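Chain A is the first sequence line, chain B the second, and so forth, proteins listed ahead of strands; every chain is numbered from 1. All of these numbers come straight from a predicted model, not from anything done at the bench.
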Amino acid sequence: MKLHNTLTRKIEEFKPLQDKIVTLYSCGPTVYDYMHIGNLRKFVFDDTLRRALEANGYKTKHAMNITDVGHLVSDSDEGEDKLEKGAKREGKTVWDVAKHYTDSFKKDVAALNILKPNVSGGPDNYAKATDFIPEQIEMIKILLEKGFAYETPKAIYFDVSKLKNYGELTGQKLSDKEVAVRSDVVTDKNKRNPQDFALWFFTVDRFAHHDMHWSSPWGEGFPGWHLECSAIIHTLLGDPIDIHTGGVDNIGTHHVNEMAQTEAAFGHKLANYWVHCEHLLVNDQKMSKSLGNFYTLVDVIKKDYDPLALRLLFLQSHYRSQMNFSWESLDGAAEFLKKLRAWADLKFQSNLGHKKGAGDSYKEALEHIQSAVNEDLNTAQALAILAGQASLAEQEGANPDKLQPLLERLDELFGLNLSSRDDITDPAKRIIGQREQMRRDKNWSEADRLRDELAEQGIAVEDTEHGPVWSRTDA
RNA sequence: GGCGCGUUGGCCGAGGAAUUAGGCAAAGGUCUGCAAAACCUUUUACACGGGUGUGAAUCCCGUACGCGCCUCCA
């Protein structure tokens, strides 16, 4: 299997540290607001990667965090904590805010058929940052002891000048980076280097009234954003891990700092492969909360789209390409999904008879699909092959005995739930039979009436040379 | 200033050299009891300029435009 590694900016053959086991970590959500579908594209990507690994026979150990503390926002000159900001906005406690948006996130990923992490770090296997405070404090201790960190009245910082290859992931020299590009960045005069980042904030000054705080050997406070991932990985998976994923916007700062912390504290690298997902755009601009040009999964559902249509849309592009979202493109994916489902439902219609040889191409198609996925997750190409099979079935029919096993394999890869669909009811089948009789009797008006009746139940009937073929229009 | 990515038809998007995938949409035709599906056409697709090659959407250089990141973002 091949993957693009941000560390080398090349597509590399994937080799895990241990035979047949892959340790995988995905940066999770910051639960201060609803996820938008751009966020969700990244989680579909994580899921696709994991499914691909498992389809290749690897056992995965997959962990994901939930950031419920410490992630600073700064849309005023005061860098607030995102959670605190959300709480103020909604008149709730930070803990309530975290819970509300965590629940919402879980609902979203469930609707998109995204697998939960399989290494337990807490409820539903997600690892909340606030559940790993001691582990984070432990890392700070080590970093202070080893001289990679220092204390100021406001915070404990990581000294980036102490780590030789700091920023390796960006391919950019420290001296070339503009400091505080965004005008709203708050800087601490006591920092040794502008790029030094906080490991621990003291609840003083602007954070004096911070609701979430813990005691530490150095004083009351709360952890910096980057630390949680390093600590959670160290605790749940053990570093180095095989693969670390995230969005491209994490490359420059978050992941650079995660790497730095782990390397400095434990003396070895954090991950062998770094895989990053590109952004979803709207009108050629990044979908983001700050621009306000985003849609949530609830928006999608309200417009009567199946969440899996969105999943299919994401799979039709490559994860390293920016994708320009539009409702028109989602329409396209929804139609495509309908077509795939109609194909899957042929497994219930064994009475049809299919041409000899129908289904013989499945094995080869599956191999092609698998190898496309193995080329750095080229799901777009894989789906093109799949579409070819669906089209073929429209001509030669499908072999139900061979179709179901294929659908199961496809679901493992794509998570589109094609193999678990329900048959139509017996009464509906009887109506189809009756209508066929009416057609033979040339009683067209009655036949049409029965067709309308079926349509009301969400069933469309097509008359083929083999007999009537039904498909669902509602699901 | 630095770093990264992109520019393919009506829309979304694959594609590291010899046929521009696939999905969606629209129009016409064939077929059909009527439909639907299928099939056949059509809807002027590879930003621009150089280079290397028998051959370039694909590799190299440059230009233009766009997007992203450089302590908010997936």
Side-chain angles (χ1 to χ4, degrees), chain A residues 6 9 11 26-30 32-33 35-43 45-46 71-75 79-80 82 85 167 170-182 184-187 194-198 224-226 245-254 256-257 276-281 284-291 294 312-313 316-318 320-337 339-340 342 372 378-388 391 394-395 439 442-445 447-448 451 460-465 469 471:
Chain A
T6 308
R9 314 249 177 226
I11 294 172
S26 307
C27 277
T30 300
Y32 69 108
D33 201 347
M35 291 291 102
H36 59 64
I37 58 176
N39 299 129
L40 295 173
R41 181 191 189 194
K42 185 260 168 185
F43 295 107
F45 149 72
D46 291 332
H71 199 159
L72 300 187
V73 70
S74 21
D75 40 11
E80 286 180 281
K82 279 172 178 282
K85 186 173 180 252
T170 64
Q172 193 180 9
K173 289 185 224 154
L174 263 185
S175 56
D176 287 337
K177 288 180 129 183
E178 264 187 54
V179 176
V181 166
R182 296 181 5 250
D184 51 8
V185 171
V186 179
T187 50
Q195 293 87 359
D196 290 353
F197 56 92
W225 173 40
H226 314 296
T245 69
V248 285
D249 53 323
N250 288 145
I251 296 171
T253 307
H254 183 50
V256 160
N257 293 346
H276 290 99
C277 181
E278 257 296 354
H279 290 303
L280 190 67
L281 310 181
D284 293 317
Q285 279 213 313
K286 177 182 169 181
M287 181 178 287
S288 71
K289 290 182 187 130
S290 44
L291 286 173
F294 62 89
L312 182 58
L313 178 65
Q316 281 186 283
S317 71
H318 191 264
R320 278 191 294 112
S321 298
Q322 294 175 336
M323 177 177 219
N324 200 25
F325 176 83
S326 65
W327 294 105
E328 194 180 355
S329 64
L330 186 55
D331 277 336
E335 283 305 313
F336 187 23
L337 183 60
K339 177 173 168 174
L340 292 177
N378 194 339
T379 50
Q381 198 168 71
L383 287 171
I385 299 160
L386 174 53
S391 296
E394 279 163 352
Q395 295 164 50
R439 290 185 67 237
K442 298 199 189 300
N443 185 347
W444 307 124
S445 62
D448 287 351
R451 184 162 62 191
V461 190
E462 296 163 16
D463 301 320
T464 73
E465 52 182 321
V469 176
S471 61

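Minimum atom distance to the side chain of A:R9 is reached by B:G4, of the listed B:C11, B:G4, B:A74. Minimum atom distance to the side chain of A:V248 is reached by B:G68, of the listed B:A74, B:C24, B:G68. Which of B:C34, B:G22, B:C73 sits closest to the side chain of A:Q316 comes down to B:G22. For A:S326, whose side chain is taken as the heavy atoms from C-beta onward, the closest listed nucleotide among B:C34, B:C11, B:G13 is B:C11. Here the side chain of A:Q322 is nearest to one of B:G13, B:C67, B:C24, namely B:C67. Out of B:G22, B:A14, B:G10, the shortest distance to the side chain of A:A384 is found at B:G22. Nearest nucleotide to the side chain of A:D463, out of B:G13, B:A74, B:A35: B:A35. Picking from B:G33, B:A21, B:G68 the nucleotide with the shortest atom distance to the side chain of A:Q285 gives B:G68. The side chain of A:D448 sits closest to B:C34 out of B:A36, B:A14, B:C34. Distance from the side chain of A:N39 is smallest to B:A74 among B:G10, B:A14, B:A74.
Backbone-only contact: A:M323 has heavy atoms under 4.0 Å from sugar-phosphate atoms and none from a base. A:T6 comes within 4.0 angstrom of no nucleic acid atom, judged by non-hydrogen atoms across all strands. Among the protein residues, A:K442 comes within range of no part of the nucleic acid, since none of its heavy atoms lies under 4.0 Å from any strand. A:R41 comes within 4.0 angstrom of nothing in the nucleic acid, heavy atoms only. At the heavy-atom level, A:H318 lies under 4.0 Å from the strands shown only through sugar-phosphate atoms. Among the protein residues, A:G38 comes within range of the nucleic acid bases, having at least one heavy atom under 4.0 Å from a base atom.
Glycosidic conformation at B:G53 (O4'-C1'-N9-C4 for purines, O4'-C1'-N1-C2 for pyrimidines): syn, within 90° of 0.
Between the side-chain ring of A:F336 and the base of B:G23, no stacking contact exists by the 5.5 Å and 30° definition.
For the atom pair A:L313 CG and A:I37 CD1, the distance stands at 8.0 Å (nearest 0.5 Å). For the atom pair CH2 (A:W225) and SG (A:C27), the distance works out to 7.0 Å, reported to the nearest 0.5 Å. Taking SG of A:C277 as the start and CG of A:D249 as the end, the distance is 9.5 Å to the nearest 0.5 Å.
Remark: B:A25 base-pairs with B:U43. Criterion, Watson-Crick or G-U wobble with two distances under 3.5 Å. Base pairing of B:G9: no nucleotide in any strand meets the Watson-Crick or G-U wobble criterion (both distances under 3.5 Å). Across all strands shown, B:C31 forms no Watson-Crick or G-U wobble pair with both key distances under 3.5 Å. With a cut-off of 3.5 Å on both pairing distances, the Watson-Crick or G-U wobble partner of B:G4 is B:C67. With a cut-off of 3.5 Å on both pairing distances, the Watson-Crick or G-U wobble partner of B:C59 is B:G51.
B:G16 and B:A21 have their C1' atoms separated by 15 Å, given to the nearest Å. Here, B:C5 and B:U43 have their P atoms 36 Å apart, quoted to the whole Å. Taking the C1' atom of each, B:U19 and B:G55 are spaced 14 Å apart, rounded to whole Å. Spacing of C1' atoms, B:G68 relative to B:G10, comes out at 28 Å, to the nearest Å. Rounded to whole Å, the C1' atom of B:A17 lies 34 Å from the corresponding atom of B:A26. Rounded to whole Å, the C1' atom of B:C12 lies 12 Å from the corresponding atom of B:U8. A gap of 25 Å separates the C1' atoms of B:C46 and B:A27, to the nearest Å. As rounded to the nearest Å, B:G15 and B:C59 have P atoms that lie 11 Å from one another.
Proximity of A:F325 to A:R41: side-chain heavy atoms (C-beta onward) are nowhere separated by under 4.5 Å. A heavy-atom distance below 4.5 Å is not found between the side chains of A:H279 and A:S288. Inter-residue side-chain proximity for A:S329 and A:M323 is flagged as unmet; no heavy-atom pair is nearer than 4.5 Å.
Looking only at distances, a side-chain donor or acceptor of A:N39 sits under 3.5 Å from a matching main-chain atom of A:H36.
Counting to the nearest Å, the C1' atom of B:G4 and the CZ atom of A:R320 are 12 Å from each other. Atom CG of A:L281 and atom P of B:G13 are 8 Å apart (whole Å). Spacing between atom CG of A:L312 and atom P of B:G13 amounts to 14 Å, rounded to whole angstrom units. Rounded to whole angstrom, the span from the CG atom of A:N324 across to the P atom of B:U7 amounts to 13 Å. Spacing between atom CG of A:L280 and atom P of B:G13 amounts to 9 Å, rounded to whole angstrom units. Look at CD1 on A:I251: it is 7 Å from C1' on B:G4, rounded to the nearest Å. Atom CG in A:L40 sits about 14 Å away from atom C1' in B:C73, given to the nearest Å. Taking atom CH2 of A:W444 as the reference point, atom P of B:C34 lies 9 Å away to the nearest angstrom.
Between A:N378 and B:G15 there is a side-chain N or O to OP1 or OP2 distance below 4.0 Å. The side chain of A:S288 places no N or O atom within less than 4.0 Å of a non-bridging phosphate oxygen (OP1 or OP2) of B:A74. For A:K286 and B:C73, the shortest distance from a side-chain N or O to OP1 or OP2 is not below 4.0 Å.
Aromatic ring orientation, A:H226 versus A:H254: tilted (interplanar angle from 30° to 60°).
Taking for each of A:R451 and A:S391 the nucleotide of RNA chain B with the nearest heavy atom, the 5'-most of the two is the partner of A:S391.
Between A:F336 and A:L383, the shortest heavy-atom distance links the atoms CZ-O, 4.1 Å.
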